[in-house]
Amino acid sequence: MSRSALSRPLLSVLRRAMLPLDGSIAEYVPDIVRAYARLVPARQWPGVTVVDLTAGSCLLPLLFAAGGARRLVINDLAPRSQLAAQALFGGVTLSWPEVRRRVTARQQRLRRHAPSFHFASDYLTEPVAAIFDRLYYAAVPARERAVYQYLALRWVLGFSPVDDSWNILPTHDARQLRDDLAHDWSPYLRRMRRPLPVLRRLVDDINRTIIRVRGARAVVHGEDMLTLCRRLDYGRPAFVVANPPTRGLDEYVIDDQLAHSLMANRWLPLSRSRETPEAFWRRRVEAALAAVPIGSHALVWGGDGALSWRESAAVWSRYGVRVAECRAHRPGGRAGWAILERR
């Protein structure tokens, strides 16, 4: 792996361009990529198929693509993660003059939609929702749509702190929000009042990331890993990420209700898996690991959900040998990642 692939400046850009997610393993991804590079040198990565079955933030495939991987399969049931992958690996960059024009013009021709403010006013002020609509429903060519929609999504997500729930607006009056003793709304108000600098930074980071990973060919899916993993042609060798949601919730369908509702243009209900948490985890991990080609590697995570680290490791051991691992204390107990070599 070239030194520039994990340089601080590039990693910082990729982090700012990735999809911010509550509870993701993104903080561990650089160490995971370094560990894999010690097992499979980066000069061999152009011949490796990187398969991320629950891509989430998309940081892992971004880092592999920046490090030289050229064949990627990116999957996630969550629409917001699918959109992030389509935008960041689509090869089409944003035009800042076009973004600025759409945000500042008095009138815009948009694709047909219900104004987002009509169903999201508990969380978004009208100016914030209006900018989302102007970008998400922009009348742009189909090949450019994903990247403008992703910019719209990143604009909105900046009004909610990462690893925290959305706060309901007690009022839309800026003076009353400033005087609210229960919550500090000043970051929200600053972002709302100065959209152009915020959007310009996002455009620059997203464009730099797209240009950096343009050499990779990514196929994007939006399916349950349980069924997708059995149909894929992995090729040899492969690096497969087999990391389903850990708490048994169907949280990679609607894990951020507001974001997915904005994308669906209607308010969506939360959903929960009908399986027990243990069955949910076991079925997906076992199916994913069973499909990994012999001699290839797989990334797994466990210990903070339905099963303890020891119980998770017992499942993994039936499919391969741990050749790298890292455990850390996290809310809910000791958890961590491991790389298996499929045997």
Side-chain angles (χ1 to χ4, degrees), residues 21 23-25 28-29 32 36 39-40 48-58 60-61 64 69 71-82 85 218-255 271-325 335-343:
L21 285 177
S24 82
I25 67 169
Y28 299 96
V29 164
I32 291 168
Y36 183 73
L39 299 168
V40 179
V48 174
T49 302
V50 177
V51 180
D52 197 337
L53 292 170
T54 50
S57 71
C58 292
L60 188 141
F64 269 101
R71 294 184 294 156
L72 297 103
V73 177
I74 305 173
N75 177 68
D76 205 300
L77 264 180
R80 63 179 183 175
S81 293
Q82 296 168 36
V219 179
V220 180
H221 295 271
E223 302 182 40
D224 190 330
M225 63 181 285
L226 178 65
T227 53
L228 177 66
C229 66
R230 297 165 177 160
R231 303 199 322 269
L232 292 174
D233 179 10
Y234 294 92
R236 294 171 185 267
F239 181 64
V240 181
V241 182
N243 175 36
T246 57
R247 293 185 289 277
L249 294 175
D250 204 2
E251 58 189 8
Y252 65 175
V253 176
I254 307 294
D255 61 347
S271 63
R272 183 183 293 270
S273 172
R274 295 181 181 274
E275 297 176 279
T276 65
E278 181 176 310
F280 185 95
W281 187 91
R282 282 181 180 273
R283 290 215 303 148
R284 283 156 182 80
V285 168
E286 291 182 349
L289 294 181
V292 176
I294 301 298
S296 290
H297 295 86
L299 172 69
V300 290
W301 175 278
D304 62 349
L307 279 70
S308 68
W309 174 269
R310 175 181 286 184
E311 291 168 328
S312 299
V315 173
W316 305 332
S317 66
R318 297 204 297 272
Y319 298 92
V321 176
R322 279 178 278 166
V323 291
E325 66 179 77
W337 58 267
I339 296 178
L340 307 183
E341 184 176 325
R342 183 77 164 92
R343 299 288 174 85

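Tested against L299, the residues L340, L60, V51 include a single side chain to side chain contact (heavy atoms under 4.5 Å, CB included) partner, L60.
Distance CG/D76 to NE2/H221: 12.5 Å, rounded to 0.5 Å. Distance check, rounded to the nearest 0.5 Å: CG of L232 to CG of L228 gives 4.0 Å. Atom-to-atom distance recorded for F239:CZ and L72:CG is 11.5 Å, nearest 0.5 angstrom. Here the straight-line distance linking atom CG of N75 with atom CG of L53 works out to 6.0 Å at 0.5 Å rounding. With rounding to the nearest 0.5 angstrom, the OG atom of S312 is 8.5 Å from the CZ atom of R282. To the nearest 0.5 Å, atom CZ of residue R80 and atom SG of residue C58 are 11.0 Å apart.
Residues M225 and A242 approach most closely at CE-CA, 4.2 Å, considering heavy atoms. Shown here for W309 and W337, the closest heavy-atom pair between the two residues is CH2-O, 3.7 Å. Residue I294 comes nearest to R236 through the heavy atom pair O-NH1, 3.2 Å, listed as atom of the first residue, atom of the second, then distance. N243 and I25 get closest at one heavy-atom pair: ND2-CD1, 3.9 Å. Taking each heavy atom of A85 and I74 in turn, the nearest pair found is CB-CG2, 3.7 Å. The two atoms that bring A238 and Y36 nearest to each other are O-OH, 4.5 Å, heavy atoms only.
Of the possible polar contacts, one joining the T49 side chain to the Y234 backbone as a donor-acceptor pair under 3.5 Å is found. Without hydrogens or angle criteria, E341 side chain to R322 main chain gives no donor-acceptor distance under 3.5 Å. Between the side chain of E286 and the backbone N or O of R283, no donor-acceptor pair lies under 3.5 Å.
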query = Do E311 and E278 pass the side chain to side chain contact (heavy atoms under 4.5 Å, CB included) test, and can you show the C-alpha distance, the side-chain angles, and the key distance before you say yes or no?
reply = CA-CA 10 Å; E311 291 168 328; E278 181 176 310; 5.9 Å; no

message = Under the criterion side-chain hydrogen bond (donor to acceptor under 3.5 Å, both in side chains), I'd like the reasoning laid out for S296 against R342: C-alpha separation, chi angles, the key distance, then a yes or no.
response = CA-CA 6 Å; S296 290; R342 183 77 164 92; over 6 Å; no

inquiry  = Assess the residue pair E325 and I339 against the criterion (side chain to side chain contact (heavy atoms under 4.5 Å, CB included)); give the C-alpha distance rounded to whole Å, side-chain angles, the decisive distance to 0.1 Å, and a yes or no.
reply    = CA-CA 6 Å; E325 66 179 77; I339 296 178; over 6 Å; no

ask   = Are V40 and V48 close enough, and set up right, to give a side chain to side chain contact (heavy atoms under 4.5 Å, CB included), and what steps lead you there?
value = CA-CA 9 Å; V40 179; V48 174; 4.3 Å; yes

task = Output, in order, the C-alpha distance, side-chain angles, deciding distance and verdict of side chain to side chain contact (heavy atoms under 4.5 Å, CB included) for V300 and L289.
result = CA-CA 9 Å; V300 290; L289 294 181; 4.0 Å; yes

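For R310, the CZ atom is loosely surrounded, since the number of other residues' heavy atoms within 6.0 Å does not exceed 12.
Side-chain contact between L307 and W281 is present, with heavy atoms from C-beta onward closer than 4.5 Å.
E275 and R284 are joined by a salt bridge, as a carboxylate oxygen and a charged side-chain nitrogen come within less than 4.0 angstrom of each other.
The aromatic ring centroids of W316 and W301 lie 6.0 Å or more from each other.
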